Each structure stands twice: as structure tokens, then as C-alpha cells.
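One-based numbering, in listed order, for ligands and for the atoms of each. None of these values were measured; they are calculated from a predicted model.
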Amino acid sequence: MKEIPKTHPRYASLITREKISQAVKNGIVHETGLIAHGRGEAFDYLLGEKTLPQADMAEKVSTAALLCAKSPVISVNGNVVALVAEDCISLADIIPAKIEVNLFHRTKKRIEKISKELSNYGAKKVYGQKADAKIPGLEHSRSLCDREGIYSADVVLVPLEDGDRSQALRKMGKTVIAIDLNPLSRTARSANITVIDNVTRAIPNIKKWGYKLKNFNKNELQALIEMWDNENNLRDMVSYISKRLNSLF
Ligand code: ATP
């Protein structure tokens, strides 16, 4: 990886770019993953590249939903594995949740590469290779998933999902938790809980909440989930961005 001085004002952002760029070279991230990353970066810039209190709350509620689930699954793609593979694995251990590889540009080779990468980081079992079930309402390869994984999950955490798939998961009756820096995306608007934060901050923070909330009883966690108003959350985020922009000039 390229040498980036820690004192550089954009250190975190440059390291993240470097990781994504390496992952494209290694075949983990599809080239269009670079474009998706760029869109994310632009929104992170508008948000001030930090976890806002409302995002922290969404991360807390997401953790509660994962802990209350019967069969929670963390759905990962190339970008997520390139950026936060180890944190996803430890989050899956804490909840406990399954991990499934789910790709927009699905090829057998890339699914295998990503699964191997997760195993190298210590994942005990990675779902997504069997592809023995389909999410109804999506065209061919994007609909593929594992029967024992996403297909039968009640709660699915989808960091960086596309709108069609998150809508299709909702139609299947699942609780969808999205992590997406863009509060305007179809994914953000169709999820039950939307975390407007960078996946590099969100997954470690959900993990932190996991340690804290694990000892709470189910009624307390359920109360947190019930009071969550996702539309209000998205409105707050858009309003934060517009106020911030107005205050800059
Ligand atoms: P939708 O189909 O939901 O309207 P889209 O077509 O804009 O979304 P994609 O290109 O499928 O989205 O996926 C990219 C999404 O992921 C963008 O909304 C972008 O903001 C978000 N994103 C990219 N990188 C990150 C990141 N590191 N953390 C969180 N979100 C990210």
C-alpha cells in the first residue's frame, strides 16, 4: 500500500481510497465499486466525515434489532470486505449473526475470493456460495442467496446495498438495516433502520453497542426498536446537511 503520512489532513479518506483501489486490483471489488465509493465520499464530505448523534442512535437501534432477531444476517459485498472485514466478523461473533456474500455484479470467482478473504480474517462460516434460493422480484443473478442465510433471515444488515434489493427484502417481510451515506438513496428510504454513516465508522460503532446492549433484557431492546422513526431520521440528516451548507457561506 502507498505510504500516506499520518499528518495528512485527509489521512483517513486517503487510506480508505487506497484500500478500495487495492481491492479492485485483487478482484475483491468490482470496478463500479469505485464509483459507489465516490458517491459515498461525497455525502461523507457533506456530513463532515463524522458520526452524528442521530447516526449513533441509529447504530444503537440497529444493534438492538440484531440482538432481538431470531436469524440475523450481515450481508457483505466487495467494498464492505475491503474496508471492514475484521469488524464484520467480530460483530457477527458478538450478536451472533451469519455473514453472507451478496454481490450486485455476481461471479462465482468473486464470491469465492471474497469468501476466502473473510476466512483468512477468521470467519468460521461464510454463506453465499450455495445460492440455492432466490429473492422474489429481482432478475437472475442479483436474486441469488442462500436458503440458510439471507433467504430465511428475519433481520438483514445491508451495508451498501442497492435500492431494488433492499425493497425486495422488505417485501419478503424482513427487517432491513441499511448503512448508507446517502440519505436520499432508495436503499436509505426503503430500510426499516437507516444508518447514515460511513461503513468504516458504523460497523465498529455497532460492534461497540453490541458489547453494551448484550446485557440488556429483550423488553428494553424492543422498546428502543419501537420508538425508532426512520422517516424522521432521514429528515434530520437532510436538514443537518442543508443547515451545515448554509452556515459555511
Ligand atoms: P439506490 O439504488 O439505493 O438508490 P445507488 O444506486 O445510489 O442507490 P449504489 O451505487 O448501488 O447506490 O451504492 C452506493 C451507495 O453506497 C451510495 O448510496 C453511497 O452513498 C453508499 N456508500 C458508498 N461507500 C460507502 C461507505 N463507505 N459507507 C457508507 N455508504 C457508502
Undergrad: Identify all side-chain donor-acceptor contacts of residues 29-45 below 3.5 Å with residues at least two apart in sequence or on another chain.
TA:
| unit_1 | atom_1 | unit_2 | atom_2 | d |
| --- | --- | --- | --- | --- |
| His30 | ND1 | Thr32 | N | 3.1 |
| His30 | ND1 | Thr32 | OG1 | 2.7 |
| Thr32 | OG1 | His105 | NE2 | 3.2 |
| Glu41 | OE1 | Arg17 | NE | 3.3 |
| Glu41 | OE1 | Arg17 | NH2 | 2.8 |
| Glu41 | OE2 | Ser13 | OG | 3.4 |
| Glu41 | OE2 | Arg17 | NE | 2.8 |
| Asp44 | OD1 | Arg201 | NH2 | 2.7 |
| Asp44 | OD2 | Asn198 | ND2 | 3.0 |
| Asp44 | OD2 | Arg201 | NH1 | 3.2 |

Undergrad: Decide yes or no on side chain to side chain contact (heavy atoms under 4.5 Å, CB included) for Glu100 and Val126, but give the supporting numbers first.
TA: CA-CA 6 Å; Glu100 177 162 337; Val126 179; over 6 Å; no
Undergrad: Tell me, which protein residue and heavy-atom name are nearest atom 8 (O) of ligand 1, and how many Å apart are they?
TA: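 Residue, atom and distance for the closest contact: Ser185 CB, 3.9 Å.
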Undergrad: Please name the pair of heavy atoms, one in Ile225 and one in Cys68, separated by the smallest distance, quoted to 0.1 Å.
TA: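 Minimum heavy-atom contact is CD1-SG, 4.0 Å.
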Undergrad: May I ask you to list the atoms of ligand 1 that are less than 4.0 angstrom from any heavy atom of Gly40?
TA: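 It comes down to these atoms of ligand 1: 19 (C), 20 (O), 22 (N), 23 (C), 24 (N).
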Undergrad: What protein heavy atom sits nearest atom 13 (O) of ligand 1, and how far away is it?
TA: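 Result: Ala36 CB, 4.0 Å.
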Undergrad: Would you please determine whether Asp197 falls within less than 4.0 Å of ligand 1 on a heavy-atom basis?
TA: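 A heavy atom of Asp197 does come that close to ligand 1.
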Undergrad: When you compare the side chains of Asn192 and Trp228, does any donor N or O come within less than 3.5 Å of an acceptor on the partner?
TA: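 No, no side-chain donor-acceptor contact under 3.5 Å.
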Undergrad: I need the nearest protein heavy-atom contact for atom 11 (O) of ligand 1: residue, atom name and distance, please.
TA: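 Of every protein heavy atom, Asp162 CB, 3.7 Å lies nearest to atom 11 (O) of ligand 1.
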Undergrad: Indicate yes or no: does Asp93 engage Lys124 in a salt bridge with an N to O separation below 4.0 Å.
TA: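 Salt bridge flag = yes for Lys124 with Asp93.
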Undergrad: Tell me: protein heavy atom nearest atom 26 (C) of ligand 1, and distance?
TA: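 The closest one turns out to be Asn198 OD1, 3.6 Å.
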Undergrad: Should Gly163 be counted as touching ligand 1, given the test is an N or O pair under 3.5 Å?
TA: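 Between Gly163 and ligand 1 (N or O atoms, distance only) the closest approach is under 3.5 Å.
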Undergrad: What protein heavy atom is closest to atom 4 (O) of ligand 1, reported as residue, atom name and distance in Å?
TA: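 I find the closest protein heavy atom is Arg186 N, 2.9 Å.
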Undergrad: Considering non-hydrogen atoms of the protein only, which is the closest contact for atom 16 (O) of ligand 1, and what is the distance?
TA: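 Result: Leu160 CG, 3.8 Å.
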Undergrad: Does NZ or CZ of Lys130 come closer than 6.0 Å to the centre of the six-membered ring of Tyr127, within 45° of the ring's axis?
TA: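 Relative to the ring axis of Tyr127, which defines the angle, Lys130 lies outside at least one limit.
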Undergrad: Check Pro183 against Ile241 and note the closest heavy-atom contact, atom names and distance.
TA: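 Of all heavy-atom pairs spanning Pro183 and Ile241, the closest is CG-CD1, 4.2 Å.
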Undergrad: Tell me the protein heavy atom at minimum distance from atom 18 (O) of ligand 1, and give that distance in Å.
TA: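 Of every protein heavy atom, Asp180 OD1, 2.8 Å lies nearest to atom 18 (O) of ligand 1.
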Undergrad: For atom 10 (O) of ligand 1, what is the nearest protein heavy atom, given as residue, atom name and distance?
TA: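 Checking every protein heavy atom, the shortest distance to atom 10 (O) of ligand 1 gives Arg39 NH2, 3.7 Å.
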Undergrad: Output, in order, the C-alpha distance, side-chain angles, deciding distance and verdict of side chain to side chain contact (heavy atoms under 4.5 Å, CB included) for Tyr151 and Met172.
TA: CA-CA 9 Å; Tyr151 189 81; Met172 287 177 85; 3.6 Å; yes
Undergrad: I want to know if ligand 1 touches Phe43 in the polar sense, i.e. an N/O pair below 3.5 angstrom.
TA: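 In this structure, Phe43 places no N or O atom under 3.5 Å from an N or O of ligand 1.
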Undergrad: Considering residues, nucleotides and ligands other than Arg110, do more than 12 of their heavy atoms fall under 6.0 Å from its CZ?
TA: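 Atom CZ in Arg110 is packed in, count exceeds 12.
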Undergrad: Of the listed options (Val199, Leu83, Thr200), which comes nearest to atom 28 (N) of ligand 1 when hydrogens are ignored and any heavy atom counts?
TA: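 The nearest heavy atom belongs to Val199.
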Undergrad: What atoms of ligand 1 come within less than 4.0 Å of a heavy atom belonging to Asn182?
TA: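 Atoms satisfying the 4.0 Å criterion: 18 (O), 20 (O).
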